[in-house]
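What follows is a single structure, written as structure tokens, with notes after it.
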Amino acid sequence: MKLAILSRAPRAYSTQRLRTAALDRGHDVKVLNTLRFGIDLTGDEPDLLFRGKQLSTYDAVLPRIGNSITYFGTAVVRQFEQMDVYTPNTSYGIANSRDKLRATQILSRHKIPMPATTFVQDRADVIPAIESVGGAPVVIKLLEGTQGIGVILAPTIKVAEAIIETLQSTRQNVLIQSFVKESKGRDIRALVVGDRVVAAMRRVAQGDEFRSNVHRGGSVEAVELDEEFERVAVRSAQIMGLRVAGVDMLEGRKGPQVMEVNSSPGLEGIERATKLDVAGAIVDYMANQVAFPDIDVRQRLTVSTGYGVAEIVVHGGSDMVGKKLGDSGLDERDITVLTLHRGPQVIPNPRNKTVLEGEDRLLCFGKLEEMRSMIPDRKEKRVRRLMKKHLPPESS
């Protein structure tokens, strides 16, 4: 394949290893400075310029987008996507992972285990927010930060309140997160490629430092992950829209607790700790995927008038519960089930003999009118009903 690595640091360890791994496998590879691209929107087809000239054709692109150029970098990746060039990390996946609040919201929606987290703006809400995550000590995180920068451990509520007030006074947005005491000073980094963890290491902080980042002097050791840690890591990366990611997890009493999903994970620490060819695994995965560029499935499937994509929830009282998919009547209503989600399990292209259970979520393509008719009316929230109950009568 002809591969472009987007990087502003051609001599960095990770960039060099990826380039060498591609060359060793006989691929044509170029390292291109992300900031030298121009997005050409004037022609009939989406195009890119590099150093002012039309970019040659590439089969795949591997983004190594630095935090400081996320907006422009994701715009360049998005243009590659419009040109049907394969990328393991989508533009929206990179953007999602860079915003800690947005990433936490997405992972929480999919029931990924994480430390209890809150986000507030008003000063009056700070102490209740700290108490809601278990009280002090508490971790305070800037929404955008890398390598442990902007992560503070506050030992008391008063100290936490002062730190948050100071940061908010400088227009910084912060997350308030519970402190997982049993994991103080150590965490797990799992390197996910595609649908598997190709390498994992434990990072241990030095001295009293609670941040275990290698850039802060932390030591690393190879580790074999159990099935639950591996499942959570892979699912977290996939939910974020990333096929190459570093997933950082705490070792909590109840199992893995995801802290962060990194779209441009460094390779030096994990390759030296595990002695594994992680760069080669990334290149091999991309070579196997170049025939299948990422596409916006919802956009592609909603071109036909009256048809679209929707998620149908099989509620406990539905007459579909206990029926085989083939007997559910969906086919007769011109509705095709693309994927069945059952808790953490994902079943692609479920067979007609699959028996439906309560709270199954069916990702479907079909007639929008038919799918709308299957969605129950939303009940008014109890709070609204109570408010209406106490409203004064209208004056005549």
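Heavy-atom basis, side chains included; hydrogens, waters and symmetry copies ignored.
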Measuring from atom [atom1] of [X] to atom [atom2] of [Y], what distance do you get when rounded to the nearest 0.5 angstrom?
{"X": "Asn288", "Y": "Tyr86", "atom1": "CG", "atom2": "OH", "result": "9.5 Å"}
{"X": "Ile176", "Y": "Glu161", "atom1": "CD1", "atom2": "CD", "result": "10.0 Å"}
{"X": "Leu242", "Y": "Asn262", "atom1": "CG", "atom2": "CG", "result": "9.0 Å"}
{"X": "Ile282", "Y": "Leu3", "atom1": "CD1", "atom2": "CG", "result": "11.0 Å"}
{"X": "Met83", "Y": "Arg78", "atom1": "CE", "atom2": "CZ", "result": "14.5 Å"}
{"X": "Leu62", "Y": "Ser264", "atom1": "CG", "atom2": "OG", "result": "8.0 Å"}

Worksheet item: Salt bridge check: are Asp59 and Lys2 linked by an N-O gap of less than 4.0 Å?
Response: no
Discussion item. Check this for me, if you would: do Arg203 and Asp248 make a salt bridge, where the nitrogen-to-carboxylate-oxygen distance has to be below 4.0 angstrom?
Written reply: yes
Any side-chain heavy atom of [X] within less than 4.5 Å of one from [Y]?
{"X": "Ser236", "Y": "Leu107", "answer": "yes"}
{"X": "Thr166", "Y": "Gln172", "answer": "no"}
{"X": "Ser263", "Y": "Ile65", "answer": "no"}
{"X": "Val192", "Y": "Gln238", "answer": "no"}
{"X": "Gln289", "Y": "Pro88", "answer": "no"}
{"X": "Val133", "Y": "Thr117", "answer": "no"}
{"X": "Ile188", "Y": "Met201", "answer": "no"}
{"X": "Leu363", "Y": "Val309", "answer": "yes"}

Discussion item. Just to verify, which of Lys141, Glu260, Met114 counts as forming a side chain to side chain contact (heavy atoms under 4.5 Å, CB included) with Thr104?
Written reply: Met114
Indicate, with yes or no, if [Y] and [X] share a hydrophobic cluster defined by side-chain heavy-atom contacts under 4.5 Å among Ile, Leu, Val, Met, Phe, Trp and Tyr.
{"X": "Ile270", "Y": "Tyr285", "value": "yes"}
{"X": "Ile5", "Y": "Leu23", "value": "yes"}
{"X": "Leu35", "Y": "Ile94", "value": "yes"}
{"X": "Tyr92", "Y": "Ile239", "value": "no"}
{"X": "Val197", "Y": "Val232", "value": "yes"}

Side chain of [X], backbone of [Y]: donor and acceptor closer than 3.5 Å?
{"X": "Thr87", "Y": "Thr90", "value": "no"}
{"X": "His341", "Y": "Arg361", "value": "no"}
{"X": "Gln16", "Y": "Pro10", "value": "yes"}
{"X": "Ser108", "Y": "Gln105", "value": "no"}
{"X": "Ser14", "Y": "Leu267", "value": "yes"}
{"X": "Thr15", "Y": "Ala9", "value": "yes"}
{"X": "Arg8", "Y": "Arg64", "value": "no"}
{"X": "Asp360", "Y": "Glu357", "value": "yes"}
{"X": "Asn89", "Y": "Val244", "value": "yes"}

Discussion item. Pairing donors with acceptors under 3.5 angstrom, does anything connect the side chains of Arg333 and Ser373?
Written reply: yes
ILVMFWY cluster membership beyond [X] - transitive side-chain contacts under 4.5 angstrom:
{"X": "Val313", "value": "none"}
{"X": "Leu362", "value": "Ile312, Val314, Met320, Val321, Leu325, Leu330, Ile335, Val337, Leu340, Ile347, Leu356, Leu368, Met371, Met374"}
{"X": "Leu49", "value": "none"}

Discussion item. Quick one, Tyr13 with Arg272, criterion side-chain contact (heavy atoms from CB on, under 4.5 Å). Give me CA distance, side-chain angles, the key distance, then yes/no.
Written reply: CA-CA 11 Å; Tyr13 177 92; Arg272 290 182 175 170; 4.1 Å; yes
Worksheet item: Can you list the steps and then say if Met249 with Asp187 is a side-chain contact (heavy atoms from CB on, under 4.5 Å)?
Response: CA-CA 6 Å; Met249 299 173 285; Asp187 66 14; over 6 Å; no
Discussion item. Is there a side-chain contact (heavy atoms from CB on, under 4.5 Å) between Leu41 and Gln79? Walk through the geometry before answering.
Written reply: CA-CA 9 Å; Leu41 304 173; Gln79 191 71 356; 3.8 Å; yes
Closest non-hydrogen atom pair, [X] against [Y]:
{"X": "Ala136", "Y": "Ala154", "result": "CB-O, 4.4 Å"}
{"X": "Val247", "Y": "Ala233", "result": "CG2-O, 3.5 Å"}
{"X": "Met1", "Y": "Val283", "result": "CE-O, 3.7 Å"}
{"X": "Val61", "Y": "Leu6", "result": "CG2-CG, 3.5 Å"}
{"X": "Leu276", "Y": "Val198", "result": "CD1-O, 3.5 Å"}
{"X": "Ala237", "Y": "Ala245", "result": "CB-CB, 4.0 Å"}

Fill in: Residue pairs involving residues 43-73 (criterion ring-ring contact (aromatic ring centres under 6.0 Å, His included); sequence neighbours excluded)
Phe37-Phe50
Practice prompt. Just jot down the salt bridge (Lys or Arg N to Asp or Glu O under 4.0 Å) partners of Lys367, sequence neighbours excluded, or say none.
Written response: none
Worksheet entry | Residue list, salt bridge (Lys or Arg N to Asp or Glu O under 4.0 Å) with Arg202, at least two apart or on another chain | Glu221, Glu251
Practice prompt. Report the residues that fulfil side-chain contact (heavy atoms from CB on, under 4.5 Å) with Asp327, sequence neighbours left out, ordered by chain and then residue number.
Written response: Lys324
Discussion item. Which residues pass the side-chain contact (heavy atoms from CB on, under 4.5 Å) test with Ala95, not counting sequence neighbours?
Written reply: Thr74, Arg102
Going by side chain to side chain donor-acceptor pair (under 3.5 Å), name the residues that satisfy it together with [X], two or more places apart in sequence or in a different chain.
{"X": "Asp47", "answer": "Gln54"}
{"X": "Gln121", "answer": "Asn173"}
{"X": "Glu228", "answer": "Arg231"}

Worksheet item: Is it the case that more than 12 heavy atoms not belonging to Glu369 sit under 6.0 Å from its CD atom?
Response: no
Discussion item. Test: salt bridge (charged side-chain N to carboxylate O under 4.0 Å, His left out). Region: residues 10-25. Which pairs qualify, not counting sequence neighbours?
Written reply: Arg17-Glu271, Arg17-Asp277, Arg25-Asp277, Arg25-Asp284
